[in-house]
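First up is the structure itself, then whatever we jot down about it.
These numbers were taken from a predicted model, which means no experiment stands behind them. The chains referred to below are lettered A, B, ... by the order of the sequence lines, with proteins before strands, and numbering in each begins at 1.
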2 protein chains.
Amino acid sequence: MAAKSEQTRQLVADVALKMFREVGFEKTTMRAIAQEAGVSVGNAYYYFASKDDLVQELYIQVQDEHAVVAAHALEGVQDLVGRLKAVLHTGVDVMAPYHQFGSDFIATAIRPSSPVNPFGEASTAAREASLAIFRSAVEGASPAVAKKLRRDLPELLWLAHMGVALFWVYDRSEGQRRTRKLIDGAAPLVARGLSLAKIPGVSKVFDDALGLVRSVKEDS
Amino acid sequence: MAAKSEQTRQLVADVALKMFREVGFEKTTMRAIAQEAGVSVGNAYYYFASKDDLVQELYIQVQDEHAVVAAHALEGVQDLVGRLKAVLHTGVDVMAPYHQFGSDFIATAIRPSSPVNPFGEASTAAREASLAIFRSAVEGASPAVAKKLRRDLPELLWLAHMGVALFWVYDRSEGQRRTRKLIDGAAPLVARGLSLAKIPGVSKVFDDALGLVRSVKEDS
DNA sequence: AGAATGTTTTGAACGTGTTCAAGAATGAGT
DNA sequence: ACTCATTCTTGAACACGTTCAAAACATTCT
């Protein structure tokens with residue numbers, strides 16, 4: 001039975017995440033985690049190849065929670081602005097308990113070799129889940145988003161979401177008020193910006209921008 | 001005479017930067033730097049409070065070089081597109097020797113507590129120098145950039161430059177071909193996008209976007 | 001010159017993430 | 001019940017960034 005093994009793994013992960021939240025990233029040493037969990041250091045490493053792997057565990061959990069909370073917040077909201085706000089605000093909500101830890105997380109995540117890197121292979125599942133949220137936000141909107149934008153928009157919004165997360169990390173205002181303000185201000189702007197795509201002169205610029213994004217992305 | 005002291009400092013810095021370039025960030029240990037420079041570990045720490053401080057040294061040096069090279073590349077180039085390309089391409093040029101080291105640099109720089117953080121206090125001088133390049137690129141352009149954009153544009157372009165740097169770090173194509181492609185594609189798009197500000201419907205969106213940027217920035 | 005003060009240099013020591021050989025515990029097959 | 005292979009678990013050991021008391025050196029003052 002794999003239950004015992006899984007139990008130890010869970011225990012280590014739970015203790016680690018709890019300590020990340022409560023005492024921060026640096027003070028949460030592998031030795032402290034092991035001691036608190038009542039296992040040896042080596043045992044923790046048997047389940048998690050590195051401290052970064054424990055951060056990855058956190059990332060997945062936060063992402064999962066975001067998917068659930070965002071889906072709920074999207075219910076009954078029709079307009080793109082509202083839907084965008086819902087997704088971004090819930091994103092900040094689920095990250096909130098880890099704010100003090102945010103910069104360490106980003107520093108870990110940004111390294112291409114890290115398992116937590118959102119563009120990396122190890123995060124494929126989490127990234128897809130996150131992308132799905134934005135896809136749902138875009139596709140469920142009425143009035144509908146212009147067809148030609150519908151394909152790339154979710155990915156671009158996801159990227160913007162990364163930007164918001166980055167802003168949030170640096171946001172030292174209480175309760176991250178400024179991040180909320182940014183979201184509330186930017187969401188309607190994005191929607192209005194998109195609606196400009198109907199203007200002939202603007203349309204071409206949009207097309208070229210999308211073309212550039214695609215060509216840069218595809219070029220291995 | 002402070003010359004002897006300054007000499008040791010320079011020696012340590014030179015050895016460190018050389019090793020960063022040649023063997024990478026992680027393999028360049030403080031012990032290795034000290035040994036290669038023929039000083040003790042503690043002595044290196046007498047001049048640089050941390051390994052990050054040595055990265056800061058590198059950052060400043062790269063920034064300075066960028067200022068020089070960019071100024072040269074801007075000579076005789078009138079149009080905004082050309083000027084933008086010049087600044088961004090030279091930026092990539094000066095970073096090139098450190099590409100393999102780039103992700104570690106960014107991981108260090110992104111941490112708010114790091115001296116290298118481009119938004120931080122310790123980097124004020126380097127940031128101002130970098131901003132000045134973009135200001136010069138914008139102000140020297142003819143046809144001139146719309147007045148209302150002129151104030152915030154340099155800072156926004158500087159931010160875009162950070163984005164390009166981030167892209168560059170992840171760019172694994174040979175010679176960072178994709179980053180070059182991105183610059184060549186994005187520069188004209190930015191210029192065309194800016195020219196859209198004359199269209200009445202678009203103008204309002206621009207105004208609101210600038211207003212948002214300002215309000216979020218000022219709200220301490 | 002000698003004392004006092006300030007600057008520079010040293011290397012051992014600390015706590016960290018991580019590794020690994022060795023040992024326990026478990027389970028399957030006979 | 002007794003192997004034997006697999007899965008878990010342990011804790012000492014390693015290299016790293018960093019600290020610090022002490023020593024060496026330099027400079028200034030009397």
Side-chain angles (χ1 to χ4, degrees), chain A residues 1-17 19-20 23-58 101 103-105 107-111 113-117 122, chain B residues 1-17 19-20 23-58 101 103-105 107-111 113-117 122:
Chain A
M1 173 164 46
K4 180 69 191 311
S5 175
E6 188 55 30
Q7 204 173 324
T8 310
R9 198 198 129 95
Q10 254 328 308
L11 176 63
V12 172
D14 287 349
V15 168
L17 265 59
M19 292 187 79
F20 281 153
V23 307
F25 182 70
E26 299 194 346
K27 282 188 183 160
T28 303
T29 68
M30 291 302 285
R31 284 168 179 79
I33 294 171
Q35 181 165 9
E36 188 78 12
V39 301
S40 71
V41 179
N43 201 10
Y45 274 95
Y46 181 76
Y47 293 103
F48 300 94
S50 65
K51 199 180 174 186
D52 282 8
D53 265 45
L54 281 165
V55 175
Q56 159 86 334
E57 195 73 11
L58 183 158
F101 162 63
S103 58
D104 299 289
F105 175 73
T108 299
I110 209 156
R111 175 167 263 135
S113 61
S114 162
V116 209
N117 184 296
Chain B
M1 172 166 46
K4 180 68 193 312
S5 174
E6 188 55 32
Q7 205 173 324
T8 309
R9 199 199 129 94
Q10 250 335 301
L11 176 63
V12 172
D14 288 348
V15 168
L17 264 59
M19 292 187 77
F20 280 153
V23 306
F25 182 71
E26 299 194 347
K27 282 187 184 164
T28 303
T29 67
M30 292 303 284
R31 282 167 179 82
I33 294 171
Q35 181 165 9
E36 188 78 12
V39 301
S40 70
V41 177
N43 201 11
Y45 273 95
Y46 180 74
Y47 292 103
F48 299 94
S50 65
K51 198 179 174 185
D52 282 8
D53 265 44
L54 281 165
V55 175
Q56 159 86 334
E57 195 73 10
L58 184 159
F101 162 63
S103 58
D104 298 288
F105 175 73
T108 299
I110 209 156
R111 183 167 258 131
S113 62
S114 162
V116 209
N117 185 296

Notebook entry, point to check: Rounding to a whole Å, what distance do you find between A:Gln7:CD and C:dA25:C1'?
Noted result: 15 Å

Check: Do the two ring centres, one from B:Phe25 and one from B:Phe105, sit under 6.0 Å apart?
Finding: no

Checklist line | Among C:dG17, D:dC8, D:dG17, the nucleotide that comes nearest once only the side chain of A:Tyr47 is considered | finding: D:dC8

Note to self: If the cut-off is 4.0 Å, is B:Ser5 near the phosphate of C:dT7, judged by side-chain N/O to OP1 or OP2?
What the structure shows: no

Margin query: Expressed as a whole number of angstroms, how long is the span from B:Tyr45:OH to D:dA22:C1'?
Written below: 20 Å

Item checked: Interatomic spacing from CD in A:Gln35 to CZ in A:Arg31 - rounded to 0.5 Å -> 11.0 Å

Check: Which pair of heavy atoms, one from B:Leu17 and one from B:Leu54, lies closest together, and at what distance?
Finding: CD1-O, 3.9 Å

Notebook entry, point to check: Do the side-chain N or O atoms of A:Ser40 get closer than 4.0 angstrom to the phosphate oxygens (OP1, OP2) of D:dT9?
Noted result: no

Check: Donor-acceptor pair under 3.5 Å: do we get one between A:Arg31's side chain and the base of C:dG17?
Finding: yes

Margin query: Nearest heavy atom decides the nucleotide; on that basis, is A:Glu26 or A:Gly42 closer to the 5' end of DNA chain C?
Written below: A:Glu26

Notebook entry, point to check: Which whole-number value in Å describes the distance from B:Lys27 NZ to D:dG17 C1'?
Noted result: 19 Å

Item checked: Value rounded to 0.5 Å, distance of OG1 in B:Thr8 from CG in B:Asn43 -> 6.0 Å

Check: Can you check the A:Tyr46 OH to C:dG23 P distance for me, whole Å?
Finding: 18 Å

Checklist line | Options D:dC8, C:dT9, C:dG17, nucleotide nearest the side-chain atoms of A:Asn43 | finding: D:dC8

Checklist line | Candidates D:dC16, C:dG17, C:dT8 - which lies nearest the side chain of B:Thr29 | finding: D:dC16

Next item on the list: Measure from CG on A:Leu11 to P on D:dC8 and round the result to the nearest Å.
Entry: 15 Å

Next item on the list: Give a yes-or-no answer on whether the side chains of A:Tyr45 and A:Ser50 include a donor-acceptor pair shorter than 3.5 Å.
Entry: no

Next item on the list: Return the value, rounded to whole Å, for the distance between atom CZ of A:Phe25 and atom P of C:dG15.
Entry: 20 Å

Next item on the list: Please tell me which of the listed nucleotides, C:dT10, C:dG17, D:dG17, lies nearest to the side chain of B:Val39?
Entry: C:dT10

Item checked: Atom-to-atom span, CG of A:Asp53 to C1' of C:dT18 - whole angstrom -> 12 Å

